[in-house]
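Below: the structure, in structure tokens.
Proteins get letters first, then strands, A, B, ... in listed order; numbering begins at 1 in each. Predicted model, so just to flag it, every value in this text is computed and none were measured. Just the heavy atoms: all of them, side chains too, but no hydrogens, waters or symmetry mates, feed the values below.
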There are 2 protein chains.
Amino acid sequence: MPRDMRLQERIQKLREFWRQERRVPVYAEMLDLFGYKSKNAVFGLLKRLEEEGYVTRDSKGRMAFLPKLTGTVRLLGSIAAGFPTPEEEQAADATTLDDYLVRNPDRTFMLTVRGDSMMDAGILPGDIVLVEKGPSPAQRDIVVARVDDEWTLKYYVRDAAGVRLEPANRKYRFIRPRQSLEIGGVVRAVIRKYA
Amino acid sequence: MPRDMRLQERIQKLREFWRQERRVPVYAEMLDLFGYKSKNAVFGLLKRLEEEGYVTRDSKGRMAFLPKLTGTVRLLGSIAAGFPTPEEEQAADATTLDDYLVRNPDRTFMLTVRGDSMMDAGILPGDIVLVEKGPSPAQRDIVVARVDDEWTLKYYVRDAAGVRLEPANRKYRFIRPRQSLEIGGVVRAVIRKYA
DNA sequence: TTGCGCGGTGAACTCTCGTTCAGTTATGAT
DNA sequence: ATCATAACTGAACGAGAGTTCACCGCGCAA
């Protein structure tokens with residue numbers, strides 16, 4: 001059996017273990033995970049995995065899996081580039097959606113969208129927005145704002161007259177808040193999950 | 001200092017540790033993480049965290065953090081329901097986007113959308129689709145299909161005459177594949193990340 | 001004030017974990 | 001076929017892990 005194939009198989013075992021247990025297996029567990037009989041074999045394998053960027057160790061030698069191992073999706077190119085062959089799939093590094101989408105975990109929330117005020121921006125009712133609380137919005141950021149005692153999504157636009165909130169839907173007109181403008185947060189991502 | 005507040009602070013420390021190290025801290029590390037002087041204090045705290053569903057143990061007592069601790073986003077209600085008070089935020093359980101969006105990690109890929117064939121379904125150029133390879137598409141699933149030697153997104157529709165691929169854009173007409181229809185995978189989610 | 005319980009200290013202990021070393025077997029290139 | 005190197009076995013070791021136990025002190029209610 002070729003060397004690289006065996007390695008990939010073992011990495012696959014580690015992925016499965018991680019998904020089930022949410023932790024790094026101890027040597028004893030890796031023994032029967034890989035079919036080894038000696039802990040030193042595990043030791044050697046881990047050294048290779050470290051070289052290839054699947055695991056790290058802290059200053060005291062404690063191990064942790066990296067996203068290359070724990071990731072749930074592989075990042076490929078564009079759709080036009082075509083669908084990947086199995087080899088290309090293997091080559092593509094895995095990543096986690098959390099790392100990809102969330103910068104400030106403690107301030108980020110998922111909210112379900114109601115209403116069609118941002119339809120023209122591709123945000124449909126039922127979609128989920130990732131909202132970061134706290135930062136002051138930049139020009140044309142989409143924000144969660146209180147308008148007429150009701151929370152909605154709007155573009156945040158600063159102009160000569162102050163701040164105005166623009167919908168992305170021709171049915172509605174923009175709004176210029178009278179006094180206090182309450183901003184819940186800034187939309188960092190939109191997620192639509194099918195079925 | 002009230003009991004629950006201290007607990008929340010400590011949970012927060014654990015979250016930070018997890019984000020940095022991607023593993024469960026050992027007792028010694030928790031000692032100065034929490035400012036304890038005795039390992040038994042850590043032992044007691046972990047028992048509480050287990051009762052409250054933040055950590056699990058396997059049959060041999062090995063610990064793992066649960067999504068309630070490792071999660072990056074909190075799932076709130078709808079936007080119309082308003083923005084949460086700090087107490088409501090605390091009450092909302094954290095979750096990971098990976099668990100939320102990906103069912104079959106080994107078969108799921110991220111692809112960047114090129115072209116406007118699905119614009120009316122809220123899928124814009126530059127968006128990212130999560131594609132699951134393998135499953136046979138259900139009626140009106142969005143699929144990655146090869147059309148005229150080029151990969152695109154289309155609705156998959158089975159009708160009396162066989163299979164047809166429908167765009168979500170009035171500019172284009174549906175397509176009925178002559179012989180072989182190549183399906184790359186089924187779109188399970190759409191993601192749009194700002195800036 | 002007394003008594004109780006929670007939350008903590010400190011020390012002792014056991015056992016498992018990761019590492020090391022010497023030696024053996026398998027693998028793949030020449 | 002030969003040989004160097006990588007992969008693995010088996011045993012031994014030492015450190016560090018988590019657990020347990022005895023005890024303490026503070027807040028709080030009776």
>> If you assign each of B:K60 and B:L31 to its closest nucleotide in DNA chain C, which residue comes earlier from the 5' end?
In response: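 Final value for this comparison: B:L31.
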
Could you tell me whether [X] and [Y] make a salt bridge, using a distance below 4.0 angstrom between a side-chain N and a carboxylate O?
X: B:R140; Y: B:E166; answer: yes
X: A:E132; Y: A:R103; answer: no
X: B:D127; Y: A:R192; answer: no
X: A:R170; Y: A:D120; answer: yes

Please report, rounded to the nearest Å, how far the [atom2] atom of [N] is from the [atom1] atom of [X].
X: B:R48; N: C:dG7; atom1: CZ; atom2: C1'; result: 10 Å
X: A:K47; N: D:dA6; atom1: NZ; atom2: P; result: 11 Å
X: A:Y36; N: C:dT25; atom1: OH; atom2: P; result: 18 Å
X: B:F34; N: C:dG7; atom1: CZ; atom2: P; result: 15 Å
X: B:L7; N: C:dC6; atom1: CG; atom2: C1'; result: 14 Å
X: A:K37; N: C:dT24; atom1: NZ; atom2: P; result: 17 Å

> Within a radius of less than 6.0 Å around CZ of B:R107, do more than 12 heavy atoms belonging to other residues, nucleotides or ligands occur?
Replying inline: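 No.
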
>> Using a 4.0 Å heavy-atom cut-off to protein, can you give one letter per nucleotide of nucleotides 16-21 of chain D, 5' to 3': B if the base is in contact, S if only the sugar-phosphate is, - if neither?
In response: -SBBBB

>> Can you tell me if A:R6 touches the phosphate of D:dA6, counting only side-chain N or O atoms and a distance under 4.0 Å to OP1 or OP2?
In response: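 No.
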
> Between atom CD of A:Q12 and atom CG of A:L33, what is the distance when rounded to the nearest 0.5 Å?
Replying inline: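 CG of A:L33 is found 11.0 Å from CD of A:Q12.
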
